[in-house]
Amino acid sequence: QEQLVESGGGLVQTGGSLRLSCTASALIFSYYDIAWFRQAPEKEREFVAGIGRLASNTHYADFAKGRFTISGDINKNTVYLQMNSLKPEDTAHYYCAAGRIRTRENYEMDYWGKGTLVTVSS
């Protein structure tokens, strides 16, 4: 069964950094684009950042540009989301997903991880 497993969430103060990891099965990493989404309480899920299969091109939401960096390690089948200058409004469950990403607003995701919680204290 294909799967995605997230890790790296936690509690951090405003201005701090966290690095999230998404480890995928070899099939997913080889054939699918991978993206990070987030969902805050009582808010809709939103696209954060995405990377093409085998860690190629990248896409970012406007709020992520300049603060977040998505990258991939093909040797570890892992995609990372480095988050810097974190703000309380970044508090959310962060999910890793695999599918097809055309743009940051046009995508179809087929596989989802269970998520990891990021809490940014003020």
Roughly how far apart are [X] [atom1] and [Y] [atom2], rounded to 0.5 Å?
| X | Y | atom1 | atom2 | answer |
| --- | --- | --- | --- | --- |
| Glu46 | Gln39 | CD | CD | 9.5 Å |
| Leu18 | Gln82 | CG | CD | 8.5 Å |
| Phe29 | Cys22 | CZ | SG | 9.0 Å |
| Thr58 | Phe68 | OG1 | CZ | 14.5 Å |
| Leu86 | Asn84 | CG | CG | 7.0 Å |
| Ser122 | Gln13 | OG | CD | 9.5 Å |

TODO: Just jot down the ring pair (Phe, Tyr, Trp, His ring centres under 6.0 Å) partners of Tyr80, sequence neighbours excluded, or say none.
DONE: none
Open item on the list: Holding to ring pair (Phe, Tyr, Trp, His ring centres under 6.0 Å), I want the full list of residues that pass it with Tyr32, two or more places apart in sequence or in another chain.
Closed with: Tyr111
Task: More than 12 heavy atoms from other groups under 6.0 Å of NZ on Lys43 - done: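 Result for NZ/Lys43: open.
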TODO: Might you confirm whether atom CG of Leu117 has over 12 heavy atoms from other residues, nucleotides or ligands at distances under 6.0 Å?
DONE: yes
Is it possible for you to say whether [X] and [Y] belong to one hydrophobic cluster, with membership spreading through side-chain heavy-atom contacts below 4.5 Å?
| X | Y | value |
| --- | --- | --- |
| Ile34 | Tyr95 | no |
| Ile51 | Trp112 | no |
| Val5 | Leu27 | no |
| Trp36 | Ile28 | yes |
| Leu20 | Ile74 | yes |

I need the minimum non-hydrogen distance between [X] and [Y], along with the two atoms involved.
| X | Y | result |
| --- | --- | --- |
| Asp90 | Arg38 | OD1-NH1, 2.8 Å |
| Tyr60 | Ile70 | OH-N, 2.8 Å |
| Ala49 | Leu81 | CB-CD1, 4.1 Å |
| Gly52 | Asp33 | CA-OD1, 3.3 Å |
| Met109 | Arg100 | SD-O, 4.2 Å |
| Ala26 | Asn77 | CA-ND2, 3.4 Å |

Open item on the list: Suppose we screen for salt bridge (Lys or Arg N to Asp or Glu O under 4.0 Å). Which residues come up paired with Arg104, at least two apart in sequence or across chains?
Closed with: Asp62
- [ ] Would you kindly say whether Thr23 and Thr78 are connected by a side-chain donor-acceptor distance under 3.5 Å?
- [x] yes
Open item on the list: Looking at Thr91 and Val120, would you say the former's side chain and the latter's main chain have a donor-acceptor pair under 3.5 Å?
Closed with: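 Yes, because the side chain of Thr91 sits within donor-acceptor range (under 3.5 Å) of the backbone of Val120.
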TODO: Give a yes or no answer on whether the side chain of Arg53 reaches the backbone of Tyr31 with a donor-acceptor pair at less than 3.5 Å.
DONE: no
Open item on the list: So Ser17 and Val12, do their side chains get closer than 4.5 Å, heavy atoms only?
Closed with: no
Open item on the list: Taking the side chain as everything from C-beta on, heavy atoms only, tell me whether Glu89 gets closer than 4.5 Å to Phe63.
Closed with: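 Glu89 does not reach Phe63 side chain to side chain.
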TODO: Could you label the plane-to-plane angle of the Phe47 and Tyr107 rings as parallel, tilted or perpendicular, counting under 30° as parallel and over 60° as perpendicular?
DONE: parallel
Task: Ion pair Glu6/Lys114, N-O distance below 4.0 Å - done: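 Looking at Lys114 together with Glu6, the answer is no, because their closest N to O distance does not fall below 4.0 Å.
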